[in-house]
2 protein chains.
Amino acid sequence: MSTDTNPTLADKLATAIADGILNGRLPPGERLDEVGLAEQHGVSRTPVREALRQLAMSGLIDMRPRKGAIVSKATPEEIESLFVAMAEMEATCARLAAMSMTPVERRRLQARHEAMMALAAAGDTEAYSDANVAFHSAIYAGAHNAPLAEYAMNLRRRVGPYRRAQFRVDGRLLRSNQEHDAVVRAIVSGDAAGAHAAMIHHVSLVEDAFEAFAAINAA
Amino acid sequence: MSTDTNPTLADKLATAIADGILNGRLPPGERLDEVGLAEQHGVSRTPVREALRQLAMSGLIDMRPRKGAIVSKATPEEIESLFVAMAEMEATCARLAAMSMTPVERRRLQARHEAMMALAAAGDTEAYSDANVAFHSAIYAGAHNAPLAEYAMNLRRRVGPYRRAQFRVDGRLLRSNQEHDAVVRAIVSGDAAGAHAAMIHHVSLVEDAFEAFAAINAA
DNA sequence: TGAGATGAAATTGCATACAATTAAGGCGGG
DNA sequence: CCCGCCTTAATTGTATGCAATTTCATCTCA
């Protein structure tokens with residue numbers, strides 16, 4: 001009766017390591033020592049290796065035969081590619097969502113968006129960031145296409161380490177919310193092309209914010 | 001000096017099993033027994049398990065904890081989703097290619113397309129099929145975006161088992177070539193929106209051909 | 001006859017052991 | 001003082017062994 005939820009150690013390790021990468025505890029370039037990870041989690045190397053292979057396929061880590069694994073460290077050009085890819089995937093999902101979301105999904109998306117207005121006005125960066133992930137995930141789901149949604153989500157995870165502090169750039173919250181408004185209006189009204197354009201615009205601006213932030217950090 | 005080409009056993013197994021799936025020797029739903037695969041390739045279960053985990057992340061196989069792995073067997077709805085996703089990814093790549101291909105790449109794409117006309121006219125299904133993969137791969141590459149190209153290629157692999165005989169449908173070769181013509185013209189002329197539309201059109205028709213073929217087989 | 005229990009066999013998950021490659025440190029020569 | 005080689009430690013790749021779960025055939029009983 002209950003859903004069979006028996007993840008293997010390798011599965012749990014994969015999510016644990018991925019979490020470490022996403023929340024910044026494992027920064028890009030960090031070496032992933034098999035015995036270290038094994039001891040740290042109280043398991044043997046076997047499930048660790050399986051987890052690493054899984055993460056390597058997702059692009060979160062890089063494995064070189066006999067040279068070990070590291071958290072993926074992208075060059076600026078590769079980061080740019082990741083952002084472009086994410087923008088395209090999100091825009092595609094937005095377009096499909098505009099075409100195939102159910103009325104209920106459209107209303108919920110609208111409600112979610114409106115709730116975020118308050119967070120943006122209050123300047124609650126933490127809560128807005130969480131809500132933002134949920135907002136974009138709702139659009140992925142609204143595309144009603146599992147493979148595309150999975151790729152979009154995966155790209156979002158991959159760019160995560162490089163956009164950690166994006167919302168701290170001055171005024172990003174309100175601006176993000178305004179851009180969401182255009183996206184939501186297009187999706188709710190069934191304007192496929194408009195949804196695509198608005199989402200590309202939105203994510204591209206996120207990338208700009210990242211670049212501004214990176215420039216500040218480099219200085 | 002020589003490039004370091006030392007794939008591990010797990011890597012070689014992953015490609016070997018993937019080949020088996022792609023060329024139809026391992027049909028969807030086929031059980032992937034660890035000891036069987038190990039004996040068959042003369043290795044132990046350890047690298048086999050790592051290869052399976054790698055393939056599971058690519059979507060080519062399904063693994064359920066403690067229940068073993070099978071070649072992914074998609075429902076008709078899931079196959080539909082895969083085709084839609086592939087159409088979107090290819091269209092996105094075509095649009096980016098129209099915007100960012102170099103003059104040399106455009107000329108090569110045109111030349112490749114023209115060479116395929118002869119194959120279509122001659123009815124050489126085998127050669128056309130191979131050239132077709134290369135044609136689409138050239139467009140992925142022309143997008144100048146590694147993540148998108150990788151996803152597009154991966155989707156192409158995943159739908160492979162369900163479209164094996166598409167070109168045998170009567171007249172598909174010539175028609176495919178005509179559709180390619182629209183795609184190539186748009187890309188070469190830098191018409192981004194046109195390239196997107198033409199590619200969606202093309203891949204959607206491929207899906208129609210698949211469905212026609214499936215209907216024939218079901219009868 | 002068929003549904004459910006029961007046992008053995010098969011299969012997966014994980015740990016340990018060993019082999020092979022790579023990285024690190026010291027040594028001598030220039 | 002720096003560069004290269006050699007030795008040794010550290011790390012990865014693979015094999016094997018054992019425990020646990022699943023599967024399947026058989027048996028029992030309604």
Side-chain angles (χ1 to χ4, degrees), chain A residues 1-21 25-73, chain B residues 1-21 25-73:
Chain A
M1 191 63 74
S2 71
T3 61
D4 184 3
T5 171
N6 270 27
T8 66
L9 282 185
D11 289 326
K12 289 191 272 193
L13 284 168
T15 65
I17 297 169
D19 280 353
I21 295 173
R25 202 184 58 239
L26 297 173
E30 178 90 346
R31 187 167 171 66
L32 296 169
D33 180 60
E34 294 179 3
V35 301
L37 289 170
E39 290 175 358
Q40 182 176 339
H41 291 85
V43 299
S44 82
R45 280 176 52 220
T46 307
V48 172
R49 285 179 57 82
E50 293 183 6
L52 290 182
R53 235 166 218 288
Q54 191 166 332
L55 292 170
M57 286 303 288
S58 80
L60 233 52
I61 74 173
D62 285 342
M63 291 185 77
R64 287 188 317 179
R66 296 157 217 288
K67 298 262 198 75
I70 63 168
V71 178
S72 281
K73 185 174 188 172
Chain B
M1 190 63 72
S2 69
T3 62
D4 184 2
T5 171
N6 270 28
T8 66
L9 282 185
D11 289 326
K12 288 192 273 192
L13 284 169
T15 65
I17 296 170
D19 280 354
I21 295 173
R25 200 186 58 239
L26 297 173
E30 178 90 346
R31 186 166 174 70
L32 296 168
D33 181 60
E34 295 180 1
V35 303
L37 289 169
E39 290 176 358
Q40 182 176 339
H41 292 84
V43 299
S44 81
R45 280 175 50 219
T46 306
V48 171
R49 284 178 59 82
E50 294 184 5
L52 290 182
R53 231 164 223 290
Q54 191 167 332
L55 293 170
M57 286 302 290
S58 80
L60 233 51
I61 74 173
D62 286 342
M63 290 185 77
R64 288 187 319 179
R66 297 159 215 288
K67 299 263 199 74
I70 63 168
V71 178
S72 282
K73 184 173 189 173

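Below, chains carry the letters A, B, ... as their sequence lines are ordered, and counting in each starts from 1.
When all heavy atoms are compared, the tightest approach of A/V71 to A/L32 is N-CD1, 4.0 Å. Closest non-hydrogen pair, B/L55 versus B/A14, comes out as CD2-O, 3.7 Å. Nearest heavy atoms, B/P28 versus B/S72: CB-O, 3.3 Å.
Here the P atom of nucleotide D/dT11 and the CG atom of A/L52 are 14 Å apart, to the nearest Å. One atom, CG of A/L9, and another, P of C/dG13, lie 11 Å apart when rounded to the nearest Å. Put simply, CZ on B/R64 is 14 Å from C1' on D/dT21, counting in whole angstrom units. Atom-to-atom, CE of B/M63 to C1' of C/dG13 comes out at 10 Å; the value is rounded to the nearest Å. Straight-line distance from the CD atom of A/E50 to the P atom of D/dG13: 13 Å, rounded to whole Å. Taking atom NE2 of A/H41 as the reference point, atom P of C/dA15 lies 13 Å away to the nearest angstrom. Atom NZ in B/K67 sits about 14 Å away from atom P in D/dT21, given to the nearest Å. Taking atom CD1 on A/I61 and atom P on D/dT12, their separation rounds to 11 Å, with Å as the unit.
Looking at the side chain of B/P65, the nearest of the listed nucleotides D/dT23, D/dG13, C/dG13 is C/dG13. Checked against C/dC14, D/dG13, D/dA15, the side chain of B/S44 finds its nearest nucleotide in D/dA15.
For the atom pair CG (A/L13) and CZ (A/R49), the distance works out to 13.5 Å, reported to the nearest 0.5 Å. In this structure, CG on A/L26 lies 7.5 Å from CG on A/L37, to the nearest 0.5 angstrom. Put simply, CZ on B/R66 and CE on B/M63 are 11.5 Å apart, with the number rounded to the nearest 0.5 Å. Going from atom NE2 of A/H41 over to atom CG of A/L9 covers 10.5 Å, rounded to the nearest 0.5 Å. Atom CD1 of residue B/I61 and atom CD of residue B/E30 lie 12.5 Å apart, to the nearest 0.5 angstrom.
Dashed line: the shortest gap from a side-chain N or O of B/T46 to OP1 or OP2 of D/dT14 is not under 4.0 Å.
Remark: A/R53 engages B/D11 in a salt bridge, criterion side-chain N to carboxylate O under 4.0 Å.
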Please list, pair by pair, any protein nitrogen or oxygen found under 3.5 Å from a nitrogen or oxygen in nucleotides 18-21 of chain C.
none

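Contacts between residues 25-39 of chain B and DNA chain D, counted as heavy-atom distances below 4.0 Å, involve no residue at all.
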